[in-house]
Amino acid sequence: MYWSRTLIPTSREAPTDADILSHKLMIRAGLIRRISAGVYDWLPLGWRSMQKINAIIRQEMNAVNAEEVHLPALLPAELWKQTGRYADYGALLFKLKDRKGTEMILGPTHEECVTELVKAYVSSHKQLPVTLYQIQTKFRDEARPRNGMLRVREFFMKDAYSFHSSLESLNQTYQDMYNAYVKIFQRCGIPAIPVEAESGPIGGDASHEFICPCEAGEDVIVRAVDNSWAANLERAGRGAPVPDFSAAPELPAAELAKIKTPDAAAVDDVCKFLNIQPTTMIKTMVFRLGDAQSGKWIVACVRGDHEINEAKIRRMAGPVELADEAAARAAGFVIGYVGPHIVNTINAELIIDPDALLIANATTGANESHWHVTNFNWKQHLSPNVLSKAIIADIRNVTAADKAPNGADLIFSKGIELGHVFKLGTKYSDALGATYSDDKQQTHSIIMGCYGIGPGRILVGALETLSDADGIRWPMAIAPFQVIITPIKYDGQAKEVADRLHKELSARGIDVLVDDRDQRPGVKFKDADLIGIPLRIVLGDKGLANGQVELKDRSKKEPEMVSLASIVEHVSKLVQA
RNA sequence: CGGGGCGUAGCUCAGCCUGGCUAGAGCGCCUGGUUUGGGACCAGGAAGUCGCAGGUUCGAAUCCUGUCGCCCCGACCA
């Protein structure tokens, strides 16, 4: 391709609304253009990279016997109502109606759709396992699109779905996919760490995320310093075992002492006011499981310096949400000043984090506005009935004071979620009635797995982790062009040579861009660095007079001189490498 | 959804507070010339519904009201 014939709108300045590095570079290098919040055009350069990423994904999916399909983005809402996800996704779903008034949605993912497909045609264990995948645009009406291509409303996603008649088969495919993911990210040339992950609203019981570590990322991951273990913060468990109730301190009976704490609801405020440490406080939060009528209250307690992990509470208690403040107040919870002993008088499930259990003579809310209590002890101040039903469980985020399962210290870092593999089980096949008959004519729900990758995020991850002050540095495998030919002046012998090299390299399957613009050399060099093509061949009069051209690796400081006679061979080798 | 900020030329922004000539600059773009190995220079030029609607006023980019769009922070740590 010739620069003058395509559309590569580079710019010296990034728009002010671009915040993170990858976003600035994507705009400046002319990869994308925003058309609306969280919706982007892919320009030729960006699209070339996306296609290369997708090609790698396809190859690795095909290699593990996954077969590509194309499913519609426009889906009947009814299908989603059957699995309950129409409600679960809520405002995140793009909803619309057709001319007849039928409710439709734009698919944010395709479990329902693909399960429906398999249900229609698969009925025997002999047809299983089967794995289908697709790469296409998905839609989510994000509350706040942000960070350029990182959180968008329309985006590409590769999602694969596997269907099985046994857990062994699911586990095998899960492992194949996991391995395929490792290969995909390696081939794309970007770092990706597999971490244990929460399966989230998608359901299921086991999952891993692949995280590209970088500051722009929205996820927090926890790793052992010796790399023996890594997990999403949502999922990361305390290294130490969970004790039972007998671990609570035994103390001589003491009265709860009320202390006035005017306007000090937050732990930090109380500590400042009373001059105590957060580690001596019990933080109590109220959650709600289910709706207003049939639901129940959940009271969760952690040590004052710890953060409650809602995902952990959900995992053990069901789909809880932080209580609506007004509703909780109406029920008698003095939000801001709740103490665990509230469960003596209000019927609620009590969940206690082990570290909160171990505090002796704790300070906590008095269940009365602007009052706290001290000398709180679990065994003394909870009624025996409540005490016998209380649950001790890990319900907090791990901290730097915790250890990995093998005892190693922990490192916390941010990262971009590139991909996610889940074992789904039968959530969707149950809901939609996707079943098979086994060899004894018994009917079972098909067991499923699902495996997603965000190709756009691979691109973002590459820019975030590999760029330098001059611009992008594409890994060879996903570079929009592998070679850029920069004639100092596109004229005379340089023009002849540029055209010939373009032809010869292209014939070898190499993607070549010739900068044929009538620009000063400085402009061409700056642009070449900005768009980050891995190899640059510079054609200057002096070199050509001696049968030499200059070869510059984007990631190296100095260029090398190569004879014109051998440049095609030389470059071909570098591209293949 | 809550809070904050911003919409003026393709891009970055000034002008607005305190209303008043024909709405400006830099980059980019077009023409001509000089240049040509790391974002050149000279001369000339094109390009703006000042987001949109309404209002106040003799007069609105500027003040008021509404509305749309965009960006940032927050949206569980009581």
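Just so it is clear: chains get the letters A, B, ... in the order the sequence lines come, proteins before strands, and each one is counted from 1. Because the structure is predicted, anything quoted here is derived from the model rather than measured.
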Colleague: Using heavy atoms and a sub-4.0 Å distance, could you list which residues of residues 529-557 of chain A are near RNA chain B? By number, please.
Modeller: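 Here the set is A:Asp529, A:Arg536, A:Val538, A:Gly540, A:Glu550.
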Colleague: So what does A:Thr284 touch, heavy atoms closer than 4.0 Å: a base, only the sugar-phosphate, or nothing?
Modeller: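 Base, at least one base heavy atom under 4.0 Å.
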Colleague: I need the A:Leu45 CG to A:Leu513 CG distance, nearest 0.5 Å.
Modeller: 7.5 Å
Colleague: Can you tell me the pairing partner of B:C6 across any strand shown, Watson-Crick or G-U wobble, with both distances under 3.5 angstrom?
Modeller: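 Pair assignment: B:C6 / B:G69.
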Colleague: B:A53 and B:G69: how far apart are their P atoms, nearest whole angstrom?
Modeller: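 Looking at atom P only, B:A53 and B:G69 are 16 Å apart.
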Colleague: Consider the side chain of A:Arg520, meaning its heavy atoms from C-beta on, and name the nucleotide among B:C77, B:C76, B:A40 that approaches it most closely.
Modeller: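 Taking heavy atoms from C-beta onward, the closest nucleotide is B:A40.
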Colleague: Tell me which nucleotide, if any, is Watson-Crick or G-U wobble paired with B:G54 when both distances must be under 3.5 Å.
Modeller: B:C64
Colleague: Return the 5'-most residue of the pair A:Leu322, A:Asp470 with respect to RNA chain B, ranking by each residue's nearest nucleotide.
Modeller: A:Asp470
Colleague: Between B:A61 and B:G19, how many Å separate the two C1' atoms, rounded to a whole number?
Modeller: 10 Å
Colleague: From A:Asp19 CG over to A:Arg146 CZ, what is the distance, rounded to the nearest 0.5 angstrom?
Modeller: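 If I round to the nearest 0.5 Å, the distance is 11.0 Å.
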Colleague: Tell me: CD1 of A:Ile488 to P of B:U35, nearest whole Å?
Modeller: 18 Å
Colleague: Rounded to the nearest Å, what distance is computed from the CE atom of residue A:Met285 to the P atom of nucleotide B:A75?
Modeller: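 Distance, rounded to whole Å: 12 Å.
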Colleague: Can you tell me the Watson-Crick or wobble partner of B:U36, both distances under 3.5 angstrom?
Modeller: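 B:U36 is paired with nothing.
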Colleague: In whole Å, I'd like the distance from the CD1 atom of A:Ile484 to the C1' atom of B:G38.
Modeller: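 After rounding, the gap between these two atoms is 14 Å.
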Colleague: Which nucleotide, if any, forms a Watson-Crick or G-U wobble pair with B:C1, using both distances under 3.5 Å?
Modeller: B:G74
Colleague: Could you measure between the two P atoms, the one in B:G20 and the one in B:C63, and give it in whole Å?
Modeller: 11 Å
Colleague: Would you mind telling me which of B:U35, B:C77, B:G37 lies closest to the side-chain atoms of A:Phe525?
Modeller: B:G37
Colleague: Would you kindly give the CD1-to-P distance between A:Ile298 and B:C76, to the nearest whole Å?
Modeller: 17 Å
Colleague: Strictly below 4.0 Å, N to O, side chains only: are A:Lys552 and A:Glu560 in salt-bridge contact?
Modeller: no
Colleague: So, A:Asp527 and A:Thr10: side-chain donor and acceptor under 3.5 Å apart, yes or no?
Modeller: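 Result is yes, a qualifying pair exists.
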Colleague: Just compare B:C72, B:G39, B:C71 and give me whichever is closest to any side-chain atom of A:Asn147.
Modeller: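 Out of B:C72, B:G39, B:C71, the nucleotide with an atom closest to A:Asn147's side chain is B:C72.
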Colleague: Would A:Phe333 and A:Trp297 count as a close aromatic pair, with their ring centres under 6.0 Å?
Modeller: yes
Colleague: Would you mind telling me which residue lines up with the more 5' stretch of RNA chain B, A:Gln519 or A:Ala264, judged by nearest nucleotide?
Modeller: A:Gln519
Colleague: In the structure shown, which nucleotide is the Watson-Crick or G-U wobble counterpart of B:G44, with both distances under 3.5 Å?
Modeller: B:C30
Colleague: Between B:U36 and B:C52, how far apart are the P atoms? Round to whole Å, please.
Modeller: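 About 47 Å, rounded to a whole number of Å.
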Colleague: Check the distance between B:G37's P and A:Asp491's CG and give it to me in whole angstrom.
Modeller: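 For the pair A:Asp491 CG and B:G37 P, the rounded distance is 15 Å.
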Colleague: Quick one: look up who B:U18 pairs with, Watson-Crick or G-U, both distances under 3.5 Å, and put none if it's unpaired.
Modeller: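 Across all strands, not a single nucleotide pairs with B:U18.
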Colleague: In whole angstrom, give me the gap between the P atoms of B:C27 and B:C41.
Modeller: 8 Å
Colleague: Using a strict heavy-atom distance below 4.0 Å, which residues from residues 7-30 of chain A are in contact with RNA chain B?
Modeller: A:Arg12, A:Glu13, A:Ala14, A:Pro15, A:Thr16, A:Asp17, A:Arg28
Colleague: How long is the span from the CZ atom in A:Arg34 to the CD1 atom in A:Ile32, to the nearest 0.5 Å?
Modeller: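 A:Arg34 CZ to A:Ile32 CD1: 10.0 Å, rounded to 0.5 Å.
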Colleague: Atom NZ of residue position A:Lys272 - does it have more than 12 heavy atoms of other residues, nucleotides or ligands inside 6.0 Å?
Modeller: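 Not more than 12 within 6.0 Å, no.
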Colleague: For A:Val302, answer base if it contacts any base atom (sugar-phosphate contacts may also be present), sugar-phosphate if it contacts only those atoms, and nothing otherwise; contact means non-hydrogen atoms under 4.0 Å.
Modeller: nothing
Colleague: Please list every donor-acceptor pair under 3.5 Å in which a side-chain atom of residues 260-269 of chain A meets a protein atom from a residue at least two apart or in another chain.
Modeller:
residue  : atom : partner  : partner atom : Å
A:Thr261 : OG1  : A:His370 : O            : 3.4
A:Thr261 : OG1  : A:His372 : ND1          : 2.8

Colleague: Roughly how many Å apart are B:G28 and B:G45, using the C1' atom of each and rounding to a whole number?
Modeller: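 Each nucleotide's C1' atom is 14 Å from the other's.
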Colleague: Please state how far atom CG in A:Asp518 lies from atom P in B:G32, giving the value in whole angstrom units.
Modeller: 12 Å
Colleague: Centroid separation under 6.0 Å, is that true for the rings of A:Trp378 and A:Phe245?
Modeller: no
Colleague: Do we see a donor-acceptor contact under 3.5 Å between the side chains of A:Glu464 and A:Ser22?
Modeller: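 A:Ser22 and A:Glu464 do have a side-chain donor-acceptor pair below 3.5 Å.
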Colleague: Taking atom C1' in both B:U49 and B:G44, what distance in whole Å separates the two?
Modeller: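 Pairwise C1' distance, B:U49 against B:G44, rounds to 28 Å.
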Colleague: Working to the nearest 0.5 Å, report the span between CZ of A:Arg151 and CZ of A:Arg457.
Modeller: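 Rounded to the nearest 0.5 Å, the CZ-CZ separation comes to 5.5 Å.
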Colleague: Are A:Phe273 and A:Trp371 an aromatic pair by the rule of ring centers under 6.0 Å?
Modeller: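 Between A:Phe273 and A:Trp371, the centre distance exceeds or equals 6.0 Å.
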Colleague: Is any side-chain nitrogen or oxygen of A:Arg144 closer than 4.0 Å to OP1 or OP2 of B:C73?
Modeller: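 For B:C73, OP1 or OP2 has a side-chain N or O of A:Arg144 closer than 4.0 Å.
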Colleague: Just the rounded figure in Å: distance from P of B:C11 to CZ of A:Arg34.
Modeller: 10 Å
Colleague: When the C1' atoms of B:G48 and B:A25 are considered, how many whole Å apart are they?
Modeller: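 Here B:G48 and B:A25 have their C1' atoms 14 Å from each other.
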